[in-house]
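Let me begin by handing over the structure; questions about it come next.
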Protein chains: 2
Amino acid sequence: MSIQQKPVFTADDVARAESYKARDYPDNVDPKVEDLVRQMISGFADKWTVVILDTLWDEGVLRFSDLARRVTGISQKMLTQTLRRMERDGLVIRKTYACVPPKVEYRLSPLGLTLGAAFCNVWIWAVENHDAVAKARTAFDDED
Amino acid sequence: MSIQQKPVFTADDVARAESYKARDYPDNVDPKVEDLVRQMISGFADKWTVVILDTLWDEGVLRFSDLARRVTGISQKMLTQTLRRMERDGLVIRKTYACVPPKVEYRLSPLGLTLGAAFCNVWIWAVENHDAVAKARTAFDDED
DNA sequence: CGGTATCCACTTAGATACTG
DNA sequence: CAGTATCTAAGTGGATACCG
């Protein structure tokens, strides 16, 4: 059998990966920190949070109804819920104006801005690789 | 959007955001592409996918049972399901050995490797900001 | 306009049992 | 070991109605 001991990936693979990678990824992280981080990521890694982050990153400041319009398919309930959680986590700043009819503006906090920046490469990856994923899916479905 | 244009944030905020940002984020993306990308992101943005991606990124090659051990809290069912979806999307390569007892190895594909690389900054963000998030939460819960 | 509250259909995921 | 199959409890999210 031809077991490759170390080179799981070719130099080319690694080079392409590096092009998505900005800062150095720490090799050894404290297991406790690792676990904490996973809990955090798990918390943020849901459908709507990422899309809302993306939208606010793109648009800057949006009213509730504008967000509802741009985040296609979201219900009012989920929009409210997700925005509250993001506000609680310090990612989003909510500003209400005491007027009639009411007006509420949402925007990313500095913390949310840095998270949005960290997500940039993921969005770029998605733009550049969505056809590769589509191809992989049809290939997978066709075999067997 | 280019974050320099809108004066919503201070120069310091922007500088900190830039430190997480590697490649330039495209200003104008085709709305249809934008929508496709959001569907993709929504698909990948679930709890287990991200954690498995992280684990395989860290460890390289893992057997099914090793993955189950490292991805704390996941059920066998979800592990199987998520790995299948990731394999179908072309992120993960599954290699079975015809022996008794059976042995199955999982590793990231080149495509999965690039996605993992794109996620690096998000993980770094999580490591560096999890205390900020914790503080935001207690602050939010204390008021009212 | 920007929510909250309630109800309910549907999905999800864990536990358990079984298989190649 | 690495799954699949089945059942069920819990959670999720949409629709609707109503409120400040």
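Chain naming here is simple, since letters A, B, ... match the order of the sequence lines and numbering starts at 1 in each. Hydrogens, waters and symmetry mates are skipped; everything else that's a heavy atom, side chains included, is used.
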Inset, instruction - Provide, to the nearest angstrom, the distance between the NZ atom belonging to A:Lys103 and the C1' atom belonging to C:dG3. - result: 17 Å
Inset, instruction - Would you mind reading off the distance between B:Tyr106 atom OH and D:dA2 atom P, rounded to a whole angstrom? - result: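 Taking atom P of D:dA2 as the reference, OH of B:Tyr106 is at 8 Å.
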Inset, instruction - In plain terms, say whether B:Asp66 and B:Arg69 are close enough for a salt bridge, that is, a side-chain N and a carboxylate O under 4.0 Å apart. - result: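 Salt bridge: yes.
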Legend entry - B:Asp30 side chain vs B:Lys32 backbone, donor-acceptor pair below 3.5 Å: yes
Inset, instruction - Measure from CH2 on B:Trp48 to P on C:dA13 and round the result to the nearest Å. - result: 9 Å
Legend entry - Under 4.0 angstrom between A:Ser75 side-chain N/O and D:dG13 OP1 or OP2: no
Inset, instruction - Using atom CD of B:Gln76 as one end and atom C1' of C:dA13 as the other, report the distance to the nearest whole Å. - result: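 Distance, rounded to whole Å: 13 Å.
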Inset, instruction - Please examine the side chains of B:Gln81 and B:Trp48, heavy atoms only from C-beta on, and report whether any two atoms are closer than 4.5 Å. - result: no
Legend entry - Whole angstrom value for the distance that separates P of C:dG3 from CD of A:Glu105: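 The distance from CD of A:Glu105 to P of C:dG3 comes to 12 Å, rounded to the nearest Å.
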Inset, instruction - State whether B:Arg84 places a side-chain N or O below 4.0 Å from either non-bridging phosphate oxygen (OP1 or OP2) of D:dT4. - result: yes
Inset, instruction - Answer with yes or no whether the side chains of A:Thr138 and A:Asp141 bring together a donor and an acceptor at under 3.5 Å. - result: no
Inset, instruction - In whole angstrom, give the distance that lies between atom CE of B:Met78 and atom P of C:dG14. - result: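 That distance rounds to 7 Å.
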Inset, instruction - Quickly work out the B:Arg94 CZ to D:dC1 P distance and round it to whole Å. - result: 16 Å
Inset, instruction - Verify the contact: side-chain N or O of A:Arg63 to OP1 or OP2 of C:dG2, cut-off strictly under 4.0 Å; return yes or no. - result: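 Checking A:Arg63 against C:dG2: at least one side-chain N or O falls below 4.0 Å of OP1 or OP2.
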Legend entry - Separation of atom NZ in B:Lys77 from atom P in C:dA17, rounded to whole Å: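 Value for this atom pair: 16 Å.
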Legend entry - Quiz item: A:Gln81 side-chain donor-acceptor pair to D:dG13 base, under 3.5 Å: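 By the distance-only test, no, there is no pair.
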